[in-house]
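Heads up, the thing below is written out as structure tokens.
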Amino acid sequence: MENIYLPEQIKILDIKKLSENVKLFRLKKRMDFTPGQFVLAGVWGYGEAPFGPASSPYEKKHIDIVVRDTGGNVTSALHNLKIGDEITLRGPYGNGFPLDFFEGKDIVMATGGCGIPPIASLVKYIIKNRGKFSKVYLLYGARTPNDILMKDEIKDWEKQINIILTIDSPHPEWQGCVGFVTDLVKKIEIDPANAVATMCGPGPMMDALEKVLRPLGISDRRIFVSLERKMQCGVGRCQHCTIGDKYVCLNGPVFNYDEIDKSWD
Ligand SMILES: Cc1cc2nc3c(=O)[nH]c(=O)nc-3n(C[C@H](O)[C@H](O)[C@H](O)COP(=O)(O)OP(=O)(O)OC[C@H]3O[C@@H](n4cnc5c(N)ncnc54)[C@H](O)[C@@H]3O)c2cc1C
Ligand code: FES
């Protein structure tokens with residue numbers, strides 16, 4: 001009988017340090033996935049954890065995952081690996097963003113800190129299919145300029161979509177917006193009746209992002225939230241990731257804002 005929990009061993013092609021505690025791992029794996037889905041990646045003996053691929057879904061030679069070292073078992077073990085080492089990988093799992101529904105609409109993507117990986121994949125999809133979408137905004141907040149991830153890619157994306165970056169407080173090396181991501185809403189011009197929004201990040205960040213999107217007048221049904229919960233099996237068997245009567249791994253991680261309990265933990 002097939003063991004659905006048995007991961008593949010995948011070689012690390014490259015590792016890039018994106019900030020003090022965040023690394024990008026380029027993995028030698030061809031994977032078909034939808035932006036917003038997740039993989040379970042790990043190290044033998046240390047366990048596995050969910051990560052949203054950050055690479056383009058059109059990329060056929062590798063996938064990229066971006067890992068913030070939380071000091072926990074899995075992310076610390078991943079950060080200790082070198083190019084050429086192997087990681088464990090299974091997936092993709094979960095639903096991903098409803099890309100067909102997004103077509104023809106204004107899109108606002110709001111994220112902060114290490115919520116950017118699945119959004120990076122979504123941005124790459126949108127840019128590849130730019131003609132199918134109307135106005136596109138990425139709002140991205142970070143603590144300091146050094147905490148803004150994927151800076152080189154962001155410069156490229158700016159040629160195709162509107163990007164508003166902000167940092168939490170003034171910094172000598174920063175000429176851009178200062179203030180929490182919630183302040184960015186004043187800079188957005190969309191048609192709320194024909195717009196969708198995405199929010200991505202851990203619970204407390206969602207409260208903040210809600211304050212960004214709420215004044216835009218986009219209905220809850222058109223706001224798509226990618227939730228983060230602790231996971232084990234990744235396939236709806238262990239109940240570790242439940243939120244109300246839903247499994248984040250199976251029914252999500254992307255939910256309509258009106259179908260979830262908004263009391264974050
Ligand atoms: C669908 C999904 C996609 C994800 N995508 C990414 C991604 O692309 N990149 C990435 O770096 N992380 C991502 N995460 C979060 C990542 O899975 C966790 O950081 C990881 O599970 C931590 O594992 P650990 O064993 O190192 O730490 P643990 O031992 O599980 O936790 C160590 C410490 O970190 C805290 N912690 C755990 N998870 C989080 C979290 N999500 N946010 C803030 N603090 C946390 C714990 O409370 C604890 O204090 C995603 C999570 C989900 C559910
Ligand atoms: S992680 Fe096991 S049910 Fe979701």
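Order of appearance sets the numbers: ligands from 1, and atoms from 1 within every ligand. Counting from 1, the numbers follow the sequence of the chain as shown.
Close approach to Gly52 involves these atoms of ligand 1, each under 4.0 Å from a residue heavy atom: 3 (C), 4 (C), 5 (N), 6 (C), 7 (C), 8 (O). Remark: ligand 2 atoms within the under-4.0 Å shell around heavy atoms of Cys233 are 1 (S), 2 (Fe), 3 (S). Of all the atoms in ligand 2, the ones that sit under 4.0 Å from a non-hydrogen atom of Tyr247 are 3 (S). Near Gly234, the atoms of ligand 2 lying under 4.0 angstrom from a non-hydrogen atom of the residue are 1 (S), 2 (Fe). Residue-ligand proximity, Gln232 to ligand 2, at heavy-atom distances under 4.0 Å covers atoms 1 (S). In summary, the atoms of ligand 1 found under 4.0 Å from a heavy atom of Met231, numbered by their order in the structure, are 53 (C). Here is the list of ligand 2 atoms found below 4.0 Å of a heavy atom in Met231: 1 (S). Shown in contact with Gly236 at under 4.0 Å from a heavy atom are these atoms of ligand 2, numbered in order with element: 3 (S). Residue Val67 has at least one heavy-atom neighbour below 4.0 Å for each of these atoms of ligand 1: 11 (O). Proximity to Arg237 (heavy-atom distance under 4.0 Å) selects the following atoms of ligand 2: 3 (S). The distance from ligand 1 to the heavy atoms of Pro117 drops below 4.0 Å at these ligand atoms: 8 (O).
Residue contacts with ligand 1, taken as heavy atom pairs separated by less than 4.0 Å, involve Val74 via backbone and side-chain atoms alike. At a heavy-atom cutoff of 4.0 Å, ligand 1 is contacted by both the backbone and the side chain of Pro50. With a 4.0 Å heavy-atom cut-off, ligand 1 is reached by no atom of Ile65. Of the heavy atoms in Lys230, only side-chain atoms (C-beta onward) come closer than 4.0 Å to ligand 1.
Metal site remark for atom 2 (Fe) of ligand 2: His240 contributes no N, O or S atom at a distance under 2.8 Å. Taking 2.8 Å as the criterion, Cys241 counts as a coordinating residue of atom 4 (Fe) of ligand 2, since one of its N, O or S atoms falls below it. Among the atoms of Cys249, an N, O or S atom falls under 2.8 Å from atom 4 (Fe) of ligand 2. Distance check for Cys238 against atom 2 (Fe) of ligand 2: an N/O/S atom falls below 2.8 Å.
At a threshold of 4.0 Å, the pair Lys60-Asp32 counts as salt-bridged, since one of the basic side-chain nitrogens sits closer than that to a carboxylate oxygen. For the pair Arg90 and Glu48, the salt-bridge criterion is met [side-chain N within less than 4.0 Å of a carboxylate O]. Salt bridge Arg214/Asp220: present, at least one basic N to carboxylate O contact under 4.0 Å. Salt bridge Arg26/Asp64: present, at least one basic N to carboxylate O contact under 4.0 Å. For the pair Arg30 and Glu59, the salt-bridge criterion is not met [side-chain N within less than 4.0 Å of a carboxylate O].
A donor and an acceptor atom, one from each side chain of Asn146 and Ser19, are nowhere located under 3.5 Å apart.
With Thr88 contributing its side chain and Ala41 its backbone, the two residues share no donor-acceptor pair below 3.5 Å. A donor-acceptor pair under 3.5 Å is absent between the side-chain atoms of Arg68 and the main chain of Asn21, judged by distance alone. Formation of a donor-acceptor pair under 3.5 Å by the Asp69 side chain with backbone atoms of Lys23 is not found in this model. Judged purely by atom type and a 3.5 angstrom limit, Asp85 has no side-chain atom pairing as donor or acceptor with the backbone of Leu81.
Because its NZ or CZ atom is both nearer than 6.0 Å to the ring centre of Phe101 and within 45° of the ring axis, Lys105 counts as a cation-pi partner of that residue.
Checked against a 3.5 angstrom limit, the closest N/O atoms of Val66 and ligand 1 fall inside it. Residue Pro253 places no N or O, backbone or side chain, under 3.5 Å from any N or O of ligand 1.
Not a single heavy atom of Gly71 sits closer than 4.0 Å to an atom of ligand 1.
The closest non-hydrogen atom to atom 44 (N) of ligand 1, taken over Arg68, Arg229, His79, comes from Arg68.
Criterion: ILVMFWY side-chain heavy atoms under 4.5 Å apart, direct or through other members. Under it, Ile116 and Val136 are part of a common hydrophobic cluster.
Using cut-offs of 30° and 60° on the angle between ring planes, the pair Tyr58 and Tyr125 is parallel.
Closest to atom 3 (S) of ligand 2 among all protein heavy atoms lies Gln239 N, 3.2 Å.
Trp157 and Ile163 make their closest contact through CB-CD1, 3.6 Å (heavy atoms, listed as atom of the first residue, atom of the second, distance).
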